Amino acid sequence: MPDATALELIRQELGDAVLDTSFFRERATLEVSPQSIRAVLAHLRVKGYAHMASLHGVDYYPHEPRLGVLYELLDMSRVDRISVKLRVPSDAPEVDSVTPDSAEHGGWPTANFQEREVFDMFGVVFRGHPDLRRILMPEDYEGHPQRRDFPIGGEPVIFTYNESPILEGAE
């Protein structure tokens, strides 16, 4: 992992795109503005972080900007890791997609389905995504189940295909 000094050098190279940095428990993190995510990830790819290990959503409820997207990048040659995070407000949760069809430099192929999952579970809209639709929940499902204000309990699931005839008449 880049040490604290290397993290600050990356911050200087990226300029105003970086809002904050943290180096905690040997983990380097850049917090960036949503508008600059493509440029920041492209810069980190040139620095050797060419593998996106994961992309996931975060809900910082009740704080605003409430919703976050966290990108985990790896430099496989140095066995190095860096996290990049951004936050978007809940009333306009939009950020540019980093999938291959929407980003310069070939994009990040692993981001395709992971962006769809964050859209489905948290409601973050990835502008320019080639196929942004629900991936885990039904298309007509209302709401985003991983948000912290989503009602607990959900809907009861009724299974009728394997009911025993004895149970049907036992009322």
Side-chain angles (χ1 to χ4, degrees), residues 14 16-22 24-25 27-42 44-45 49 51-74 81-164 167-168 171:
L14 292 168
D16 294 338
V18 177
L19 304 175
D20 195 12
T21 61
S22 66
F24 181 68
R25 294 187 178 170
R27 185 176 195 108
T29 304
L30 293 171
E31 184 170 348
V32 302
S33 64
Q35 302 82 4
S36 62
I37 189 61
R38 285 187 188 177
V40 168
L41 294 183
L44 290 172
R45 173 176 271 157
Y49 298 95
H51 177 74
M52 183 177 290
S54 69
L55 179 162
H56 48 275
V58 183
D59 187 349
Y60 295 101
Y61 179 81
H63 305 287
E64 280 291 339
R66 175 178 165 181
L67 301 173
V69 181
L70 186 65
Y71 305 83
E72 300 285 339
L73 303 178
L74 298 175
R81 175 185 303 265
I82 192 166
S83 300
V84 180
K85 69 179 182 177
L86 60 85
R87 291 176 69 168
V88 292
S90 57
D91 61 345
E94 292 188 8
V95 64
D96 289 333
S97 174
V98 296
T99 58
D101 293 340
S102 62
E104 58 276 359
H105 306 296
W108 304 86
T110 192
N112 190 337
F113 289 105
Q114 293 179 20
E115 284 181 349
R116 285 181 60 191
E117 184 177 345
V118 172
F119 166 70
D120 196 3
M121 296 289 110
F122 292 93
V124 176
V125 175
F126 291 90
R127 290 184 300 260
H129 191 282
D131 187 21
L132 191 62
R133 58 189 165 98
R134 288 196 180 265
I135 191 169
L136 299 172
M137 304 303 291
E139 286 290 332
D140 60 348
Y141 193 84
E142 293 183 20
H144 305 284
Q146 291 294 312
R147 286 192 178 187
R148 289 187 172 189
D149 60 353
F150 191 79
I152 297 176
E155 301 174 22
V157 178
I158 300 171
F159 296 99
T160 59
Y161 71 91
N162 62 352
E163 285 185 353
S164 169
L167 294 176
E168 289 177 10
E171 292 180 15

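Numbers here simply count residues along the sequence, with the first being 1. A quick note: this is a predicted structure, and the numbers were derived from the prediction, not measured.
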Looking at Pro65 and Pro89, what are the two nearest heavy atoms and their distance?
CB-N, 3.7 Å
Taking C-beta and beyond as the side chain, do Glu115 and Val98 meet within less than 4.5 Å on heavy atoms?
yes
Interatomic distance, CZ@Arg87 vs CG@Leu70, rounded to 0.5 Å, equals 12.0 Å
Would you please test Asp120 and Arg134 for salt bridge (charged side-chain N to carboxylate O under 4.0 Å, His left out) and show each step?
CA-CA 5 Å; Asp120 196 3; Arg134 288 196 180 265; 2.3 Å; yes
Looking only at side chains, do Ser54 and Gln114 share a donor and an acceptor under 3.5 Å apart?
no
May I ask you to decide whether Arg66 forms a salt bridge with Asp149, counting only side-chain N to carboxylate O separations under 4.0 Å?
yes
Check whether any side-chain N or O of Ser97 sits under 3.5 Å from a backbone N or O of Thr99 as a donor-acceptor pair, and report yes or no.
yes
Apply side chain to side chain contact (heavy atoms under 4.5 Å, CB included) to residues Met137 and His144 and explain how you reach the verdict.
CA-CA 9 Å; Met137 304 303 291; His144 305 284; over 6 Å; no
Contact between Val32 and Leu19 at the side-chain level, heavy atoms closer than 4.5 Å - yes or no?
no
For Ala111 and Leu55, the nearest pair of non-hydrogen atoms, with its separation, is CB-CD1, 3.9 Å
Taking atom CZ of Arg27 and atom OG of Ser22, what is their separation to the nearest 0.5 Å?
9.5 Å
Taking all non-hydrogen atoms of both residues into account, name the closest pair between Leu67 and Pro93 and its distance.
CD1-CB, 3.8 Å
Test the Arg45-Trp108 pair against the cation-pi criterion, namely NZ or CZ under 6.0 angstrom from the six-membered ring centroid and within 45° of the ring axis.
yes
side-chain hydrogen bond (donor to acceptor under 3.5 Å, both in side chains), that's the test. Do Glu64 and Ser90 meet it? Break it down for me.
CA-CA 8 Å; Glu64 280 291 339; Ser90 57; 2.6 Å; yes
Over 12 non-hydrogen atoms of neighbours within 6.0 angstrom of CD in Glu142
no
Once rounded to the nearest 0.5 Å, what's the spacing between atom CG of Leu14 and atom OG of Ser33?
10.0 Å
Asp20, CG atom: more than 12 neighbouring heavy atoms under 6.0 Å
yes
Side-chain contact test, heavy atoms from C-beta onward, threshold under 4.5 Å: evaluate it for Gln146 versus Asp59 and give yes or no.
no
At what distance, to the nearest 0.5 angstrom, does CZ of Arg116 lie from CD1 of Ile135?
4.0 Å
Do Lys85 and Thr29 pass the side chain to side chain contact (heavy atoms under 4.5 Å, CB included) test, and can you show the C-alpha distance, the side-chain angles, and the key distance before you say yes or no?
CA-CA 7 Å; Lys85 69 179 182 177; Thr29 304; 4.1 Å; yes
Do the non-hydrogen side-chain atoms of Leu136 and Glu117 ever get within less than 4.5 Å of each other?
yes
Distance col, row Ser83:OG vs Tyr49:OH, nearest 0.5 angstrom, shows 10.5 Å
Is the cationic atom of Arg133 (NZ for Lys, CZ for Arg) positioned less than 6.0 Å from the six-membered ring centroid of Phe119 and within 45 degrees of its normal?
no
Without hydrogens or angle criteria, can the side chains of Asn112 and His129 be said to hold a donor-acceptor pair below 3.5 Å?
yes
Within 6.0 angstrom of Tyr61 OH, more than 12 heavy atoms from elsewhere
no
Stepwise side chain to side chain contact (heavy atoms under 4.5 Å, CB included) check, Val69 with Val58
CA-CA 6 Å; Val69 181; Val58 183; over 6 Å; no
Salt bridge (charged side-chain N to carboxylate O under 4.0 Å, His left out) for Asp96 and Arg127? Distances and angles first, verdict last.
CA-CA 5 Å; Asp96 289 333; Arg127 290 184 300 260; 3.1 Å; yes
One pair to check against side chain to side chain contact (heavy atoms under 4.5 Å, CB included): Leu30 and Leu44. What are the steps and the verdict?
CA-CA 11 Å; Leu30 293 171; Leu44 290 172; 4.1 Å; yes
Check Leu86 against Pro34 and note the closest heavy-atom contact, atom names and distance.
CD2-CA, 4.2 Å
